[in-house]
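Here is how names work: the chains are called A, B, and so on, in the same order as the sequence lines, proteins then strands, and each is numbered from 1.
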Amino acid sequence: AQSVTQLGSHVSVSEGALVLLRCNYSSSVPPYLFWYVQYPNQGLQLLLKYTTGATLVKGINGFEAEFKKSETSFHLTKPSAHMSDAAEYFCAGDNQGGKLIFGQGTELSVKP
Amino acid sequence: DGGITQSPKYLFRKEGQNVTLSCEQNLNHDAMYWYRQDPGQGLRLIYYSQIVNDFQKGDIAEGYSVSREKKESFPLTVTSAQKNPTAFYLCASSIPMVFGGPYNEQFFGPGTRLTVL
């Protein structure tokens, strides 16, 4: 079955530290991958997407992700966490069947 | 500005009552989706529609119904048959690949939080 897996439902970092949120996809999911962010009681906002071309993708708010086909991964990183980065993050893949397949989400906490 | 609107933001209903959640988009997208979000469970697809007058069940369609009479609108009715309707509901839209979209990038509305008392 096609799947997207996010490792770690909760991640906590200190302000200024590296943020690393992990996402792995099943090889049957086509390589159209997305990261969304959700702030409390709001909808999802697109952070970045990988479609074709360069495997290192830059998004909004200083986030980036690298598509690694050999590892079936699409981890999200940010060099220096800010308090405003505290939110829930979702990785998703396009199954080319009219639906996105979402991971379970990772809640990021940022400590002062 | 183009976007997706959901109303109301907060909705309260008594147990046993049907309730309809509104979703409107002016992005000229053909496809629309409804998701349910519960704490710790991510997003679960309820229904989706790739074209007017057509829709398909998602993973958790029981107790819900939809209609797609207009391209811009995709209302969701939570019926009394839904055993645990209290949740955060999200609507989204996209240009599906069948209509020339290169990939299924979905745009989300702000959500409606439904509480059944």
Side-chain angles (χ1 to χ4, degrees), chain A residues 1-11 21-25 29-53 57 59-60 65 67 74 87-109, chain B residues 3-11 23 25 29-51 54-61 87-99 101-115:
Chain A
Q2 299 171 336
S3 65
V4 172
T5 303
Q6 292 182 238
L7 301 177
S9 58
H10 292 90
V11 170
L21 304 182
R22 300 177 187 273
C23 174
N24 289 88
Y25 64 92
V29 175
Y32 295 152
L33 297 163
F34 308 86
W35 274 101
Y36 286 88
V37 60
Q38 184 183 33
Y39 298 101
N41 291 312
Q42 295 185 26
L44 275 66
Q45 178 184 4
L46 183 69
L47 269 179
L48 49 81
K49 61 191 175 193
Y50 171 78
T51 55
T52 58
V57 181
I60 62 171
F67 171 67
F74 190 56
E88 188 153 22
Y89 293 79
F90 291 93
C91 183
D94 181 351
N95 74 344
Q96 294 188 329
K99 298 185 288 184
L100 282 183
I101 300 172
F102 284 90
Q104 289 299 95
T106 298
E107 185 176 352
L108 174 66
S109 301
Chain B
I4 301 176
T5 57
Q6 292 185 245
S7 60
K9 180 69 174 177
Y10 298 94
L11 189 55
C23 178
Q25 56 97 0
H29 287 171
D30 290 286
M32 297 186 74
Y33 309 80
W34 274 106
Y35 294 91
R36 172 180 171 140
Q37 188 175 23
D38 297 280
Q41 296 197 44
L43 277 72
R44 293 185 288 169
L45 183 64
I46 304 173
Y47 269 98
Y48 65 106
S49 167
Q50 293 198 311
I51 195 171
D54 187 44
F55 47 83
Q56 289 78 41
K57 293 181 178 180
D59 302 316
I60 56 164
F88 191 52
Y89 290 88
L90 287 162
C91 180
S93 71
S94 72
I95 301 174
M97 292 182 66
V98 294
F99 290 107
Y103 39 78
N104 189 11
E105 177 182 341
Q106 292 185 12
F107 296 79
F108 283 82
T112 292
R113 185 165 296 282
L114 173 64
T115 301

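- The aromatic rings of B:Y35 and A:F102 stand perpendicular to each other, their planes meeting at an angle above 60°, with 30° marking the opposite boundary.
- Options A:G43, A:S9, A:G105 differ in how many heavy-atom pairs under 4.5 Å they form with chain B, and the most are formed by A:G43.
- A:T106 is linked by a side-chain hydrogen bond (donor to acceptor under 3.5 Å, both in side chains) to A:Q6, counting only residues two or more places apart in sequence or in another chain.
- Interface remark: A:E88 contributes side-chain atoms only to the contact with chain B (heavy atom separation under 4.5 Å).
- Interface remark: A:L44 contributes backbone and side-chain atoms alike to the contact with chain B (heavy atom separation under 4.5 Å).
- Heavy-atom contacts from other residues, nucleotides or ligands closer than 6.0 Å to CZ of A:R22 number 12 or fewer.
- The side-chain hydrogen bond (donor to acceptor under 3.5 Å, both in side chains) check on B:Q37 picks up A:Q38, with sequence neighbours excluded.
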